[in-house]
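To keep things clear, I will list the structure first and then write my remarks on it.
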Amino acid sequence: MRNGAYSEVTIPLPAPKQPEMPADAPVRFRHPPLIELATFKDWADVSRVMAPLYATPESTNPNDPILAEAAAIMKADPTPIGRAERALELVQQKIRYLAVGMNGGNYVPQKPERTWAVRYGDCKAKTLLLLTLLRAMKIEAEPVLANIGLGDIVPDRLPSPMAFNHVLVRATIDGQTLWLDGTGSGARLIDIHDTPPFGYGLPVRAAGADLLKIETHANARPMVDLTVDVDESASVDLPSAVDAVAVVHGGYAAALTLAKTQMGEKEERDAVGGFFINYLGEGQFSDTAMVPDPLTGDVTLKAHGIVNSAWTTDDRRRKRALARALDNVTFAPDRSKVAWTTIPVATGDPFGMRYRLRLRLPDRGRGFAIEGEPDMKEHVAGYEISRTTKLDGGVVTVDERIDTVGREVPVARIPIERDAVATAKARAPRLVAPVATARKWEIGTSDPAGATQVAAINAVLAKAIVATTADDSSAYATRGSFRANIGDRAGAIADWTKAIAIEPSIDLYLKRAATLYELGDVKAALADAEAARALDPSSEAAIGRVTMLKAESGDLAGGLALLDQRIALGGEMRRTFRTAKASLIGEYGDPAEAITQFDALIADKPGSPSLMNARCWTKGTRSVMLDTAVKDCTRAIELSEDSSAALDSRAMVWFRLGRFDDALADLDAVLAAEPGQAASRFMRAIVLQRLHRDAEAASELKIARRIAPSIDRHYARYGIKAR
């Protein structure tokens with residue numbers, strides 16, 4: 001409304017709440033609240049007004065330093081595109097960036113000669129200097145106003161310079177458009193056709209211009225180019241020994257180069273290790289390096305190390321994922337609200353990664369196979385993905401690249417792309433090991449013939465320990481776990497002892513306690529379990545270990561007293577400790593009392609497969625109420641997602657009933673799914689002896705004792721002994 005010479009706008013407060021939008025909606029659907037006033041007629045008017053600010057009159061001064069730089073570039077490179085790259089690199093590298101925001105009214109760029117003299121400038125100053133260089137070399141170029149972050153909403157705004165917060169150069173060479181940003185870093189010829197994610201730009205021309213849509217595509221180079229050599233030549237259970245090299249370029253490389261100047265040796269080592277952990281998973285690294293290359297602008301990261309095994313058990317086979325491109329790809333747009341049903345999905349700005357894997361397999365790859373889709377070349381949900389996978393001579397090679405391209409997914413394609421992502425993930429290649437592949441309990445403490453994995457792991461861990469600091473126990477803890485896994489229990493105890501001296505923890509004490517128990521030192525194991533409980537008296541794991549070891553030492557009453565204390569406290573853990581008490585009595589006390597307690601627990605929680613299995617186990621091991629034990633176990637098997645424990649318990653009952661073939665069938669089922677179960681292997685050996693299959697029994701006993709040296713002592717409590 002008019003109020004004398006003024007116009008008044010009344011805005012009632014609080015302002016209306018902005019409509020809720022999905023997080024993956026394009027920016028124009030998440031328009032921030034703005035009040036804009038402008039006197040420009042249209043975008044062409046804005047373009048015309050800004051044009052004089054970026055005029056670059058030709059200099060005739062023979063001593064002009066900018067002309068001298070242009071002449072040097074022309075002499076060094078005969079091609080227009082090569083000259084453009086050199087000019088961009090000069091502006092990026094020799095002129096420091098100092099922000100003077102144009103959206104605050106600072107529209108006039110610093111003069112090129114001033115910028116060159118002081119060697120700093122903002123986006124306007126860098127753009128004008130770059131224009132001066134390009135035009136001096138007769139390369140067609142113009143400034144383009146842009147908005148970093150809100151470029152997608154520019155067409156919805158009033159025509160005004162306030163719609164922009166950035167300016168860059170648009171050059172045309174041989175009919176091709178180049179977007180040259182002086183405020184960037186790491187410019188190289190190979191990347192010169194990359195496109196900025198600015199949405200819309202406004203060319204600045206004396207004749208005026210309308211808004212221009214900046215179409216994006218995949219970058220020429222991936223931001224991260226990762227090559228990994230993996231040694232898994234001994235077993236599909238052990239950690240992977242890796243040699244990793246990553247070449248990083250662009251803004252990421254510039255940030256790493258700057259960070260390196262501010263880091264000490266340890267910080268740099270940790271930074272490189274953290275980088276590879278992010279891409280390869282948890283691990284321990286040695287021989288790390290971060291090497292910037294001033295000629296290319298790239299940074300090369302290197303590391304030798306070990307990472308957690310990627311092998312898992314699926315369909316009773318050991319399998320390993322090979323591809324990485326789709327690991328972090330999710331496409332689950334929520335368009336459930338009526339107001340959202342017309343909103344497309346925004347995808348990421350142009351960014352690429354290349355991953356190359358060379359994986360050496362056990363036994364020269366005999367019997368290994370690839371399932372899934374080894375090769376692909378597709379555009380999926382805003383990503384361009386290509387991959388090749390080969391298995392030859394015991395070595396698997398994977399070469400894949402994934403790029404986001406910055407394009408939207410239309411609403412009509414959302415279900416299609418969702419299905420495409422799910423399909424691509426389901427078809428991703430996986431390596432399948434043969435049924436008889438070597439397992440960690442079979443190879444012992446050294447590499448089998450032709451393998452180098454165990455030696456490589458030991459070498460990495462030894463170097464990690466040498467490089468460790470006085471307050472870091474991780475290298476000792478990691479080596480302790482590795483040694484325990486390959487059967488070097490004395491070595492594991494030595495490492496955990498050193499780790500505990502540096503950083504005592506519940507986990508370390510309990511690991512050492514378990515290993516001491518396996519070696520028959522129950523007293524020392526109990527001392528460690530008590531030390532773990534002292535760190536956290538409420539720890540379920542520590543309490544469980546203490547009570548078991550007390551009972552094993554002949555102090556069942558002491559173990560039960562500790563459980564009774566926790567039960568008396570109530571709370572959500574009360575049922576857990578009641579179950580632990582019933583199990584402890586079942587192992588070391590009166591089986592009738594244990595079964596009575598299990599009956600009460602099951603009455604409180606009918607249909608619990610874990611409780612029914614625990615009751616079945618007590619009946620089977622203590623050889624009581626066998627007529628109902630089978631029913632308990634069978635019901636637990638029917639209700640369990642993972643039936644291995646209940647199958648093992650039922651095998652014990654079949655054994656007590658003299659039904660050895662049935663026992664063997666259940667044990668075979670357990671070991672097909674979980675071949676590392678020492679208890680099931682021991683009982684299988686016992687059953688095989690009863691069936692007079694002594695050679696097979698001897699083989700099973702050997703494996704069971706290697707996995708768990710305490711196994712004979714454990715089953716002797718139930719009166720079961722191997723011949």
Side-chain angles (χ1 to χ4, degrees), residues 18 25-55 88 91-92 95-112 114-115 120-131 141-171 177-187 194-205 208-216 250-251 254-255 346 348-351 406:
Q18 293 288 64
V27 174
R28 65 184 178 276
F29 291 91
R30 296 179 280 121
H31 200 307
L34 293 171
I35 298 175
E36 293 191 288
L37 302 173
T39 58
F40 291 90
K41 181 173 63 175
D42 51 27
W43 291 111
D45 193 17
V46 178
S47 176
R48 283 189 295 270
V49 168
M50 300 295 287
L53 302 180
Y54 291 92
L88 177 61
V91 172
Q92 288 185 352
I95 306 298
R96 290 179 292 111
Y97 178 72
L98 178 67
V100 182
M102 61 185 293
N103 58 351
N106 302 301
Y107 300 123
V108 180
Q110 183 173 264
K111 296 296 183 184
R114 171 67 177 169
T115 302
Y120 66 77
D122 62 2
C123 62
K124 301 182 296 297
K126 282 180 168 255
T127 291
L128 187 52
L129 176 59
L130 182 55
L131 285 169
E142 64 180 357
V144 176
L145 303 178
N147 190 302
I148 299 175
L150 296 177
D152 192 39
I153 71 170
V154 167
D156 298 332
R157 298 182 65 171
L158 293 178
S160 164
M162 283 291 291
F164 307 101
N165 60 14
H166 190 53
V167 62
L168 70 163
V169 173
R170 178 177 182 259
T177 296
L178 307 178
W179 296 97
L180 310 178
D181 191 341
T183 66
S185 60
D194 290 354
T195 47
F198 297 156
Y200 288 86
L202 179 65
V204 175
R205 300 171 186 165
D210 202 356
L211 292 175
L212 172 70
K213 174 67 174 173
I214 302 176
E215 298 292 345
T216 57
D349 296 338
F351 178 92

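The figures that follow rest on heavy atoms only: side chains count, while hydrogens, waters and symmetry mates do not. Because the structure is a prediction, the values reported are computed rather than measured.
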Problem - Polar side-chain atom of Asp349 near backbone of Gly406 as donor-acceptor pair, under 3.5 Å - result: no
Practice task
Take Trp179 and Asp194 through the test side-chain contact (heavy atoms from CB on, under 4.5 Å) and record every step on the way to the result.
Solution key: CA-CA 7 Å; Trp179 296 97; Asp194 290 354; over 6 Å; no
Handout entry: Shortest non-hydrogen contact from Cys123 toward Tyr97
Key = N-CE1, 3.6 Å
Fill in the blank from the handout: So CG of Asp210 and CZ of Arg205: to nearest 0.5 Å the spacing works out to 10.0 Å
Exercise for the section: Decide yes or no for Leu53 and Pro109: does some side-chain heavy atom of the first lie under 4.5 Å from some side-chain heavy atom of the second? Expected result: yes
Problem - Pairwise side-chain contact, Val167 with Tyr54, heavy-atom cut-off 4.5 Å (strictly under) - result: yes
Completion exercise
Tyr200 meets the ring pair (Phe, Tyr, Trp, His ring centres under 6.0 Å) criterion, sequence neighbours left out, with none
Fill in the blank from the handout: Heavy-atom nearest pair, Leu131 first then Pro143, reads CD1-CD, 3.7 Å
Practice task
Answer yes or no: is there a donor N or O on one side and an acceptor on the other, between the side chain of Arg30 and the main chain of Ala25, under 3.5 Å?
Solution key: yes
Problem - Close side-chain approach of Arg48 and Asp42, heavy atoms under 4.5 Å - result: yes
Problem - Closest approach of Leu168 to Ala146 (non-hydrogen atoms, all atoms of both residues) - result: CD2-CB, 4.0 Å
Practice task
Could you tell me whether the side chain of Ser47 and the main chain of Pro203 form a donor-acceptor pair under 3.5 Å?
Solution key: yes
Problem - Lys126 (side chain) donor-acceptor with Asp181 (main chain) under 3.5 angstrom - result: no
Problem - Interatomic spacing from CG in Leu180 to CD in Gln92 - rounded to 0.5 Å - result: 9.0 Å
Problem - Flag side-chain contact, heavy atom, 4.5 Å: Leu211 against Val154 - result: yes
Practice task
For residues Thr195 and Glu215, determine if any side-chain heavy atom of one lies less than 4.5 Å from a side-chain heavy atom of the other.
Solution key: no
Fill in the blank from the handout: Across all chains, not counting sequence neighbours, the side-chain contact (heavy atoms from CB on, under 4.5 Å) partners of Arg28 are Pro26, Asp152, Ile153, Asp156, Pro344, Glu408
Problem - Side chain proximity check, Val144 to Leu202, heavy atoms < 4.5 angstrom - result: no
Practice task
Taking the side chain as every heavy atom from C-beta outward, state whether Pro159 and Lys41 have any pair of such atoms under 4.5 Å apart.
Solution key: no
Handout entry: Closest non-hydrogen atom pair between Trp43 and Leu158, with its separation
Key = CH2-O, 3.6 Å
Problem - Backbone of Glu36 reached by a side-chain donor or acceptor of Arg157 within 3.5 Å - result: no
Completion exercise
To the nearest 0.5 Å, atom CD1 of Ile95 lies from atom CG of Asp122 at 12.0 Å
Practice task
For Gln110 and Thr115, test the side chains for any donor-to-acceptor distance below 3.5 angstrom and give the result as yes or no.
Solution key: yes
Problem - Closest non-hydrogen atom pair between Met50 and Pro161, with its separation - result: SD-CG, 4.1 Å
Exercise for the section: Check whether any side-chain heavy atom of Phe40 sits under 4.5 Å from a side-chain heavy atom of Met162, and report yes or no. Expected result: no
Practice task
Identify the heavy atoms of Val169 and Ala141 that sit nearest to each other, and give their distance.
Solution key: CG1-CB, 3.9 Å
